2 protein chains.
Amino acid sequence: MPSINVEDYLKHIYYLQEEGDAVTTSSLAGQLNIASASVTDMVKKLSGQHYLRHSPYRGVQLTEKGRRSALKIIRKHRLWEMFLSEVLHFGWDEIDEEAEKFEHIMSDKMEERIDEVLGFPRVDPHGDPIPAKNGTVKNIRAFPLSDAPEGNSVRVLRVNDANPELLQYVSSIGLSLNKRLSVKQRIKFDKSLIIKIGSKEIAISTVAAENIFVESV
Amino acid sequence: MPSINVEDYLKHIYYLQEEGDAVTTSSLAGQLNIASASVTDMVKKLSGQHYLRHSPYRGVQLTEKGRRSALKIIRKHRLWEMFLSEVLHFGWDEIDEEAEKFEHIMSDKMEERIDEVLGFPRVDPHGDPIPAKNGTVKNIRAFPLSDAPEGNSVRVLRVNDANPELLQYVSSIGLSLNKRLSVKQRIKFDKSLIIKIGSKEIAISTVAAENIFVESV
DNA sequence: TTATTAATTTAGGCTAACCTAAATTTCTGA
DNA sequence: TCAGAAATTTAGGTTAGCCTAAATTAATAA
Ligand SMILES: [Mn+2]
Ligand SMILES: [Mn+2]
Ligand SMILES: [Mn+2]
Ligand SMILES: [Mn+2]
């Protein structure tokens, strides 16, 4: 059974891999808020346990074993977020932090009970897919709002859950999952957008728009 | 913020104190499944942090600070047991083990939410009192079934939750919290009892009877 | 009272997971 | 293409929490 720390390493390696970035010592160190030298140590240990392959100075890649372990944690994390949101009525800006701890101590039995109680949800409260027990993950066909062309009408499918303040902001302008909006204008100068939600028009920064993922409707 | 290990030490010291036993290095070592030498180390640390007072070779005693910390954990433990039982339908023989982990990572906010969802329960699924937020604990006026005189009619108020097999056994003979039963006969030879539950008469060992707590009705 | 036994503490060690500073390798741009 | 910068690894160290074996203190029973 991997330790809590090992689980967090594997999860973050999976995330970085998912984003297509090279998974380097420093990218991991950045994610985990740990010194690079410490990451190197752990990477060697994980490599010895066949969770990943390590080309020194180049980066790491999860093995199948590592991928499976990562997905188990991510499944627990997202189910738990769902539970906090649906059953205990926590806000979507609070749940990631709580789930960060619970993902490691939730038994498989508890995972199943929660899955049942929730009616076998497919996505978490931020629109991220909940991996299936067999290791399958449906990937979400969404592009960043910042890439939407002028005039486009779109629907929110996912919001990056890494930053609670972004989530609060997104709520505060009346956006949430599955909400529709249209892109009125793209400002060349700072790449910000003017969007229309319901009858309101709102200016939104690139930083925000890059973290809101949508599909065309 | 005390670590997980510190919290478990404080909790077990509280339990032993509660039972009226002297809290010695070896009794703690027994409860925690840790070598006595290690307990001595930790006790010195806790004493340095004023969680308890230590008379070398004699034993320990919680300070007010230690007592408060212990009760906070016990409250979380018992609320969580309640939640597992009521909301996720776990059996009363499974919940102690799960709660052992969750008690340490449940935030105060989550504690409150759960308390609300459950309707502010006063006892846990084993009949143990749930300490109030202010550090008050109602103590339960119950005596062991093994002390009940012949002919007595009693009601189950609490069952020791330390042994899952005992809990399974208690369920299997049709007993649960608040159930009534009467003592038909005390067998001198092995101190076992014949009890009547509903219309059934059942023989029950002393070991079992010592862990079932009742009040006269 | 004193000698044995039992409980406790001390001494010395280990592992996981972190750190900083120094050495090494790779990348980059003139 | 090669020197300086950036990234990575190595070296050496720390802390929490555990362990076993040895030394010390307390309890007990003849
Ligand atoms: Mn985590
Ligand atoms: Mn999420
Ligand atoms: Mn515990
Ligand atoms: Mn209990």
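Each chain gets a letter, A, B and so on, in the order the sequences are listed, and its residues count up from 1. As the structure is a computational prediction, the values presented were derived from the model and not from experiment.
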_Rounding to an integer number of Å, can you tell me how far A:I4 CD1 sits from C:dA16 C1'?_
12 Å

*B:N5 side chain N/O closer than 4.0 Å to the phosphate oxygens (OP1, OP2) of D:dA16?*
no

*May I have the distance from B:Q49 (atom CD) to D:dG17 (atom C1'), rounded to whole angstrom?*
13 Å

*So what does B:S36 hit on the nucleic acid, given a heavy-atom distance under 4.0 Å: a base, only sugar-phosphate, or nothing?*
base

*asked:* Expressed as a whole number of angstroms, how long is the span from B:L46:CG to C:dT9:P?
replied: 13 Å

*Looking for any heavy atom pair under 4.0 Å, which part of the strands does B:S26 touch: base, sugar-phosphate only, or nothing?*
sugar-phosphate

*Parallel, tilted or perpendicular: rings of A:W80 and B:F102 (30°, 60°)*: tilted

_Which heavy atom of A:A148 sits nearest to which heavy atom of A:V183, and what is that distance?_
CB-CG2, 3.8 Å

*Electrostatic pair B:E210:B:K191 at N-O distance under 4.0 angstrom*: no

_Length of the CG-C1' vector between B:D41 and C:dG13, whole Å_ = 12 Å

*For atom CE of A:M1 and atom P of C:dA16, their distance in whole Å*: 16 Å

*Verify the contact: side-chain N or O of A:H54 to OP1 or OP2 of D:dT9, cut-off strictly under 4.0 Å; return yes or no.*
yes

*Rounded off to whole Å, could you give me the CD1-to-P distance for the B:I34 and D:dT20 pair?*
12 Å

*Using a cut-off of strictly less than 4.0 Å, decide whether A:K45 has a side-chain nitrogen or oxygen near OP1 or OP2 of C:dT15.*
no

*asked:* Measuring to OP1 and OP2 of D:dT9, would you say a side-chain N or O of A:T40 lies under 4.0 angstrom away?
replied: yes

*With the side chain of B:Y57 defined as its heavy atoms from C-beta on, choose the nearest nucleotide among D:dC19, C:dC18, D:dT25.*
D:dT25

_Other residues, nucleotides, ligands: >12 heavy atoms within 6.0 Å of B:E97 CD_ = no

*Would you kindly compare B:T24 and A:P56 by the position of their nearest DNA chain C nucleotide and give the one closer to the 5′ end?*
B:T24

*Mind checking B:T25 for me? I need base, sugar-phosphate or nothing, with any heavy atom below 4.0 Å counting as a touch.*
sugar-phosphate

*Ignoring backbone atoms, establish whether A:S3 has a side-chain N or O less than 4.0 Å from OP1 or OP2 of C:dA17.*
yes

_Value in whole Å for how far the C1' atom of D:dA16 lies from NZ of B:K44_ = 15 Å

*Using a cut-off of less than 4.0 Å, is there contact between a side-chain N or O of B:R58 and OP1 or OP2 of C:dT9?*
no

*OP1 or OP2 of C:dA16 less than 4.0 angstrom from a side-chain nitrogen or oxygen of A:Y9, does that happen here?*
no

*Given that B:M42 and B:A37 both sit by DNA chain D, which one's nearest nucleotide is further toward the 5' end?*
B:M42

_Nearest 0.5 angstrom please: B:M106 CE to B:R75 CZ, how far?_
9.5 Å

